[in-house]
Amino acid sequence: MDASATPAETRLRRSRKRRPVSEIACEYVFRPLAHLVVVALLPVRVPPPAVVLASAAAGLGGAASLAGGHLVGAALMLQLKTVLDNADGQLARASGRESVLGRYLDSESDLLVNAAVFAALGYVTGHLWLAVASFLALTLVLGVDFNLERLYRRERGEEREAMPAAEGVAGALARVYGVVYAPQDKLVETFVESRLRGATPAGRFAYHDRATIAIVANFGLSTQLAALGICLLAGHSIVYLWLALGCGLALVPLALRRDLLLRAVPWKTRSAGDVVQPRTEPACGP
């Protein structure tokens with residue numbers, strides 16, 4: 001920690017989520033704005049789950065405004081949603097009140113808001129099936145973002161549970177997560193491990209590359225809602241549907257690129273479980 005940092009700077013650094021890469025819109029726009037919310041809420045001890053609910057309310061309000069044809073109001077409400085969405089985690093870390101309740105509530109409220117926003121987009125554009133396809137693409141992108149970062153960290157010795165144990169209300173939300181998200185988490189992990197079958201440690205490091213994590217991180221929800229806000233302000237709602245669909249399609253060349261990185265590392269197997277160590281160092285370090 002920088003000894004010359006002010007208390008406010010120290011608190012901001014402590015509240016920021018540790019990630020191996022940055023989502024640019026989040027890092028330079030929404031997190032600084034969220035920090036102002038955190039500074040205001042810390043003294044009055046507002047519980048972080050309350051901020052999650054406020055974020056969801058703003059998002060649903062934005063979806064309702066969009067459905068009503070109020071594009072500017074919808075754009076502003078969705079940016080407020082993003083600020084609050086960043087503020088809840090920052091508040092939890094700054095106050096030492098991180099919880100599995102907040103983790104599950106945040107994930108599931110985001111899904112609810114996204115569904116409402118895409119339903120509104122389908123309604124106002126008249127392209128319902130494009131909205132459905134774009135919603136599914138975005139849901140996949142966000143799941144891949146979460147899981148690729150989780151697996152990247154695990155490969156470097158930093159284990160992170162996809163579905164931490166929970167009880168009570170958090171346990172009920174965990175069961176919902178198990179139905180909605182867990183199959184996608186398992187699918188991504190199974191796909192990744194199928195590509196790495198028989199790979200050496202160097203190959204695994206090469207496959208779990210930082211560049212892919214960085215690209216997918218910048219398809220994240222903060223960036224998505226910022227792009228949607230720009231499209232709404234420009235009066236071209238349908239453009240965002242194609243952008244979201246494009247992000248989903250972009251996962252294909254990214255997956256192929258990772259296969260090429262893996263193949264570039266010298267390796268071979270003598271038998272199903274016997275791996276010859278490569279002659280090179282890992283292509284990507286922690």
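Owing to the predicted nature of the structure, the values given are computational and were not obtained by experimental measurement. Below, each value reflects all heavy atoms present in this structure, side chains not excepted, and no hydrogens, waters or symmetry copies.
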Partners of His70 by side chain to side chain contact (heavy atoms under 4.5 Å, CB included), sequence neighbours excluded?
Ser65
Verify, without hydrogens or angle tests, whether Arg31 (side chain) and Cys26 (backbone) share a donor-acceptor contact under 3.5 angstrom.
no
Ignoring hydrogens and geometry, is there a side-chain-to-backbone donor-acceptor pair from Ser134 to Ala131 under 3.5 Å?
no
So do Leu53 and Ser109 actually touch side chain to side chain, heavy atoms under 4.5 Å?
no
May I ask you to check whether over 12 heavy atoms, not counting those of Leu76, lie within 6.0 Å of atom CG?
yes
Counting distance only, does the side-chain N/O of Glu155 pair as donor-acceptor with the main-chain N or O of His208 below 3.5 Å?
no
Measure the shortest side-chain to side-chain distance between Leu78 and Leu232 over non-hydrogen atoms and say whether it is less than 4.5 angstrom.
yes
Find out whether Val83 and Gln79 are in side-chain contact, i.e. whether some heavy atom of one side chain is under 4.5 Å from a heavy atom of the other.
no
Residues Ser95 and Leu91: closest non-hydrogen pair is OG-O, 2.7 Å
Quick check: closest heavy atoms across Pro47 and Arg97, and the distance to 0.1 Å?
CA-NH1, 3.8 Å
Looking at OG of Ser222 and CZ of Phe30, how far apart are the two atoms once the value is rounded to the nearest 0.5 Å?
6.0 Å
Scanning both residues in full, the closest heavy-atom pair of Ala206 with Val265 reads CB-CG2, 3.6 Å
Backbone of Gly89 reached by a side-chain donor or acceptor of Asp106 within 3.5 Å:
no
Applying a strict under-4.5 Å side-chain criterion to I, L, V, M, F, W and Y, I'd like to know whether Leu187 and Leu196 cluster together.
no
Side chains of Phe191 and Val188: does their closest heavy-atom pair fall under 4.5 Å?
no
With rounding to the nearest 0.5 Å, note down the distance linking CG in Leu173 to CG in Leu105.
6.0 Å
Kindly give the heavy-atom pair with the smallest separation between Asn86 and Ala34, and that separation in Å.
CB-CB, 3.7 Å
Can you check side-chain contact (heavy atoms from CB on, under 4.5 Å) on Val169 and Leu101, steps first, answer last?
CA-CA 7 Å; Val169 175; Leu101 172 62; 3.9 Å; yes
Determine, stepwise, if the pair Trp242 / Leu245 fulfils side-chain contact (heavy atoms from CB on, under 4.5 Å).
CA-CA 5 Å; Trp242 289 109; Leu245 190 60; 3.9 Å; yes
Counting N and O atoms only, with roles assigned by atom type, does the side chain of Ser55 sit under 3.5 Å from a partner on the main chain of Val51, one being a donor and the other an acceptor?
no
Single-linkage hydrophobic cluster, 4.5 Å side-chain cutoff, Val117 and Val132 together
yes
Ion pair Glu149/Arg156, N-O distance below 4.0 Å
no
Sub-4.5 Å side-chain heavy-atom contact between Leu225 and Leu228
yes
Are any non-hydrogen side-chain atoms of Val21 and Val216 less than 4.5 angstrom apart?
no
State plainly whether one hydrophobic cluster holds both Leu60 and Val72, where clusters connect Ile, Leu, Val, Met, Phe, Trp and Tyr through side-chain heavy atoms under 4.5 angstrom apart.
no
May I have the step-by-step check of side-chain contact (heavy atoms from CB on, under 4.5 Å) for Arg150 and Glu158, ending in yes or no?
CA-CA 8 Å; Arg150 178 176 65 86; Glu158 186 181 345; over 6 Å; no
side-chain contact (heavy atoms from CB on, under 4.5 Å) evaluation trace for Val100 with Tyr177:
CA-CA 12 Å; Val100 291; Tyr177 184 99; over 6 Å; no
Decide yes or no on salt bridge (charged side-chain N to carboxylate O under 4.0 Å, His left out) for Arg257 and Asp209, but give the supporting numbers first.
CA-CA 10 Å; Arg257 175 182 174 276; Asp209 69 303; 2.6 Å; yes
Pairwise side-chain contact, Tyr181 with Val176, heavy-atom cut-off 4.5 Å (strictly under)
no
Within the distance-only criterion (no hydrogens, no angle test), does the side chain of Gln184 pair as donor or acceptor with the backbone N or O of Val180 below 3.5 angstrom?
no
Checking the side chain of Thr125 only, and the main-chain atoms of His127 only, is there a donor and an acceptor separated by less than 3.5 Å?
yes
What is the distance from atom OG1 of Thr212 to atom OH of Tyr152, rounded to the nearest 0.5 Å?
10.5 Å
Co-membership, hydrophobic cluster, residues Val46 and Leu42, 4.5 Å side-chain:
yes
So, Gln224 side chain and Ala244 main chain: donor-acceptor pair closer than 3.5 Å or not?
no
Are Val252 and Leu140 connected in a single hydrophobic cluster, I mean Ile/Leu/Val/Met/Phe/Trp/Tyr linked by side-chain heavy atoms less than 4.5 Å apart?
no
Within this structure, what is the CG-CZ distance for the pair Leu251 and Arg258, rounded to the nearest 0.5 Å?
10.5 Å
Rounded to the nearest 0.5 angstrom, the CG-CD distance for Asp85 and Gln90 is 10.5 Å
Considering all heavy atoms of both residues, which atom of Gly62 and which atom of Ala74 are nearest to each other, and what is their separation?
O-CB, 3.4 Å
Please check if the side chain of Tyr104 supplies one atom and the backbone of Pro164 the other of a donor-acceptor pair under 3.5 Å.
yes
Show the numbers, then the answer: is there a salt bridge (charged side-chain N to carboxylate O under 4.0 Å, His left out) between Glu189 and Arg195?
CA-CA 10 Å; Glu189 186 165 355; Arg195 310 310 297 163; over 6 Å; no
Do the side chains of Tyr240 and Leu138 get nearer than 4.5 Å, heavy atoms only?
yes
Atom CG in Asn114, atom CG in Leu142: separation rounded to 0.5 Å?
6.5 Å
Can you give me the closest heavy-atom contact between Arg103 and Phe146, atom names plus distance?
NH2-CZ, 3.3 Å
Ion pair check, Asp110 and Lys81, cut-off under 4.0 Å:
yes
Please answer whether the main-chain N or O of Leu66 pairs with a side-chain N or O of Tyr123 as donor and acceptor at a distance below 3.5 Å.
no
